[in-house]
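Basis for what follows: all heavy atoms, side chains included, without hydrogens, waters or symmetry-related copies. Protein chains get the first letters and strands the later ones, always in sequence-line order, with residue 1 at the start of each.
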There are 2 protein chains.
Amino acid sequence: MSTAAETTGGDIEPWEEVTPDAARRLLVAAVEAFAERGYHATTTRDIAGRAGMSPAALYIHYKTKEELLHRISRIGHDRAVAILRAAAQGEGSAAERLADAVSSFVRWHAGRRTTARVVQYELDALGPGARDEILTLRRQCDAAVRGIIDDGVASGEFDVPDVKGTTLAVLSLCIDVARWFNVNGPRTPDEVGALYADLVLRMVGAEPTGAAQK
Amino acid sequence: MSTAAETTGGDIEPWEEVTPDAARRLLVAAVEAFAERGYHATTTRDIAGRAGMSPAALYIHYKTKEELLHRISRIGHDRAVAILRAAAQGEGSAAERLADAVSSFVRWHAGRRTTARVVQYELDALGPGARDEILTLRRQCDAAVRGIIDDGVASGEFDVPDVKGTTLAVLSLCIDVARWFNVNGPRTPDEVGALYADLVLRMVGAEPTGAAQK
DNA sequence: GCCGAAGCTGAGCGATCGCTTAGTGCGGCC
DNA sequence: GGCCGCACTAAGCGATCGCTCAGCTTCGGC
C-alpha cells in the first residue's frame with residue numbers, strides 16, 4: 001500500500017513541524033512522560049529534565065503544561081484524520097479502502113504507541129475549549145470510516161445491519177491498540193495491522209481480499 | 001440468558017462485600033472520582049468529601065490512597081473473571097458461549113462504566129506488587145475467552161487463523177467500551193452487548209445465532 | 001567593541017498534595 | 001453512672017506541585 005499518509009509511518013519522530021529545536025525536544029519529552037505516567041502524574045520538572053533543561057525553560061516555549069498536551073493532541077489528531085481520509089479517498093473497492101484504513105490506522109497506533117496513547121487517553125485532561133476542538137477532529141475520523149462502510153453497503157460489498165454501531169466498533173478496535181500494544185511483544189505493527197484488517201472485513205461481511213494491506 | 005454471573009449485572013452497586021458502611025461509602029466515592037478525573041488527578045480530600053467525611057477519616061479505613069485503587073481494581077477484576085468464566089463454562093455451542101461471554105462482558109463495561117473505567121485504565125497507577133496480582137487475573141480473562149475460541153475451532157464452528165490475536169482483539173473490543181460508552185447516549189448496555197456479540201461471531205467466522213444474547 | 005534581544009538558569013513563591021496527630025463525641029458494658 | 005474504645009474531626013506537617021522572576025550568557029548588527 002502506498003498512500004501519501006504512509007510516508008511518515010516509519011520510525012522517525014514526526015515532530016519536524018515543531019520549531020525551534022528546544023520546543024520540539026520539550027514536546028517529545030512531554031509525549032514520552034505523558035505516555036508513561038499520564039498527564040496528571042507528570043511534572044513539569046520531569047519534562048524539562050528529559051529535554052535536558054531547567055524547569056523554567058519550559059515556560060519560554062509553552063505558556064502552561066496544558067498547552068503542551070493541547071499541541072500534542074492537536075498534531076496527533078491531525079495525523080489520525082489524515083491517515084483515515086487518505087484511505088477513504090483512495091482508489092479501489094470499499095473492502096480495499098476499509099482494509100487500508102484499518103491497517104494503516106492500526107500501524108500508527110502500534111508503531112507510534114507513545115503518541116497515540118497520549119492522543120487517545122489524555123483527552124479529558126484538556127480544558128473545555130481545547131477538548132471541543134479535538135472532538136471535532138474525532139468526528140472527522142468517524143465520518144471517514146463511516147463513509148467507507150456506507151459505500152460498501154451501497155455497492156453490496158458489505159452486509160452491515162448497524163452502520164453507526166459498526167463504525168464505532170471498528171474505530172474502537174483500532175484505538176485500543178494504543179492501550180495494549182507492547183513494543184517488546186511478539187507482533188510487529190504491520191502484523192497487527194494485517195490481522196485487524198482481516199477481522200474488520202469479517203465484521204462487515206466482506207469477502208476477505210487476502211492481501212488488502214501492505 | 002441467565003448465567004449466575006448475571007445476577008449482579010443490574011443497577012445496584014455491587015459493593016455489598018465491602019464493610020463497614022463508611023468504608024463502602026469511601027470506596028464508592030473513590031470509584032466515581034477516579035473514573036471522572038483519573039487516579040492521579042483525584043485528591044483524598046475529594047474522595048472524603050464525596051463520602052461526606054473529613055479527609056482524615058479515609059485513613060481509618062484505608063492505609064493509603066493506593067490501597068483504595070487496589071481494592072477497587074481487585075474486586076472489579078474478580079467480577080470480570082467471574083463473568084467470562086461463567087460464560088465459558090456454560091452449556092451450549094462455542095458460538096453461543098462466545099456470544100454470551102461478549103454480550104455479558106460488554107453489558108458490564110457499559111452498565112458499570114465508572115467501575116470498568118477505573119479497573120481497565122488505572123492499572124498503571126498501582127505499585128509493582130499490586131499490578132502483578134491484577135495481571136494474573138487479566139490472564140485468566142484471556143484464558144477464558146481463548147478457551148471458547150479454541151473449542152469453536154476444534155468443533156469446526158469457527159474459522160480463526162490466529163487464535164491468540166483474535167482473542168486479544170475480542171477482549172480489546174469489549175474493554176474499550178468503558179472508554180466511549182455514554183450513559184446519555186442512544187444505546188443501552190443491552191443493545192451494545194447484542195451488537196458486539198454479533199460482530200464477534202462474524203470475526204470468528206461463525207454463523208450468526210440470531211438470538212445468542214438476551 | 002558595544003548593545004540589545006533572546007534563551008536559559010537558580011532560586012523560590014503560593015498553593016495544594018498525601019498523610020499524621022491530638023483531641024472530641026458517643027454508644028455499649030459492667 | 002462511670003468508663004473505655006472506637007469512629008471521626010480540626011489542624012497542620014513536610015513535600016512537591018505549577019509557575020515566576022531576576023540575572024547570566026551568548027550572539028548578531030553596526
Side-chain angles (χ1 to χ4, degrees), chain A residues 15-73 118 122-131, chain B residues 15-73 118 122-131:
Chain A
W15 304 112
E16 66 261 13
E17 61 209 287
V18 181
T19 56
D21 179 69
R24 178 172 49 248
R25 271 160 46 215
L26 284 164
L27 194 117
V28 170
V31 169
E32 290 173 5
F34 291 163
E36 271 181 33
R37 311 210 228 281
Y39 175 79
H40 289 293
T42 298
T43 68
T44 55
R45 285 165 175 82
D46 182 28
I47 296 170
R50 287 175 190 247
M53 308 172 92
S54 78
L58 192 150
Y59 293 91
I60 295 173
H61 301 282
Y62 302 95
K63 222 169 68 180
T64 62
K65 175 179 150 185
E66 189 191 325
E67 190 193 327
L68 262 169
L69 177 62
H70 184 197
R71 292 275 282 269
I72 292 165
S73 195
V118 176
E122 300 293 343
L123 183 63
D124 291 341
L126 288 173
R131 190 168 63 223
Chain B
W15 304 113
E16 65 261 13
E17 61 209 285
V18 182
T19 55
D21 178 68
R24 178 171 49 249
R25 271 160 46 217
L26 284 164
L27 195 116
V28 169
V31 169
E32 290 172 4
F34 291 162
E36 271 181 33
R37 309 209 231 282
Y39 175 79
H40 289 293
T42 298
T43 68
T44 54
R45 286 165 175 83
D46 181 29
I47 296 170
R50 287 175 190 248
M53 308 172 91
S54 77
L58 193 150
Y59 294 91
I60 295 174
H61 301 282
Y62 302 95
K63 221 170 66 180
T64 63
K65 176 179 150 185
E66 189 191 325
E67 189 192 327
L68 262 170
L69 176 61
H70 184 197
R71 293 275 281 268
I72 292 166
S73 195
V118 177
E122 301 293 341
L123 183 63
D124 291 341
L126 289 172
R131 190 167 63 221

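- Considering only residues two or more places apart in sequence or on other chains, His70(B) meets the side-chain hydrogen bond (donor to acceptor under 3.5 Å, both in side chains) condition with Glu133(B).
- Shown here are the side chain to side chain contact (heavy atoms under 4.5 Å, CB included) partners of Ala29(B), two or more places apart in sequence or in another chain: Ile47(B), Arg50(B), Ala51(B).
- The heavy-atom pair separating Ala130(B) from Glu66(B) by the smallest distance is CB-OE2, 4.5 Å.
- Legend: ring-ring contact (aromatic ring centres under 6.0 Å, His included) pairs involving residues 20-41 of chain A, not counting sequence neighbours, sorted by first then second residue: Phe34(A)-Tyr39(A).
- In this structure Glu67(B) satisfies the side-chain hydrogen bond (donor to acceptor under 3.5 Å, both in side chains) test together with Arg71(B), sequence neighbours excluded.
- Here the P atom of nucleotide dA10(D) and the CE atom of Met53(B) are 12 Å apart, to the nearest Å.
- Listed by first and then second residue, the salt bridge (charged side-chain N to carboxylate O under 4.0 Å, His left out) pairs involving residues 56-65 of chain A amount to none (not counting sequence neighbours).
- Distance His40(A) NE2 to dT16(C) P: 16 Å, rounded to the nearest Å.
- The two residues Thr42(A) and Ala33(A) come nearest to each other via the heavy atoms OG1-O, 3.2 Å.
- Pairing each heavy atom of Val118(B) with each of Leu69(B), the nearest pair is CG1-CD1, 3.6 Å.
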Could you list, one pair per line, each protein nitrogen or oxygen that sits under 3.5 Å from a nitrogen or oxygen of nucleotides 24-27 of chain C, together with the distance?
none

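- Each end of the helix from dG1(C)-dC30(D) to dC30(C)-dG1(D) yields a helix axis from five base pairs, and these two axes differ in direction by 10° (to the nearest 10 degrees).
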Between protein and nucleotides 12-15 of chain C, what N or O pairs are separated by less than 3.5 Å?
unit_1, atom_1, unit_2, atom_2, d
dG12(C), O6, Arg45(A), NH2, 3.3

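- The two residues Leu26(B) and Ala48(B) have their closest heavy-atom pair at CD2-CA, 4.1 Å.
- Within 4.0 Å of Thr43(A), counting heavy atoms only, lie sugar-phosphate atoms of the nucleic acid but no base atom.
- Take Arg131(B) and apply the side-chain hydrogen bond (donor to acceptor under 3.5 Å, both in side chains) test, not counting sequence neighbours, and it matches no residue.
- Contacts between residues 57-70 of chain B and DNA chain C, counted as heavy-atom distances below 4.0 Å, involve Tyr59(B), Thr64(B), Lys65(B).
- Sorted by first and then second residue, the side-chain hydrogen bond (donor to acceptor under 3.5 Å, both in side chains) pairs with a member in residues 51-62 of chain B form an empty list; sequence neighbours excluded.
- Qualifying side-chain hydrogen bond (donor to acceptor under 3.5 Å, both in side chains) partners for Arg37(B), counting only residues two or more places apart in sequence or in other chains: Asp46(B).
- Judged by closest nucleotide on DNA chain D, Ala22(B) is the one of Thr44(A) and Ala22(B) placed further toward the 5' end.
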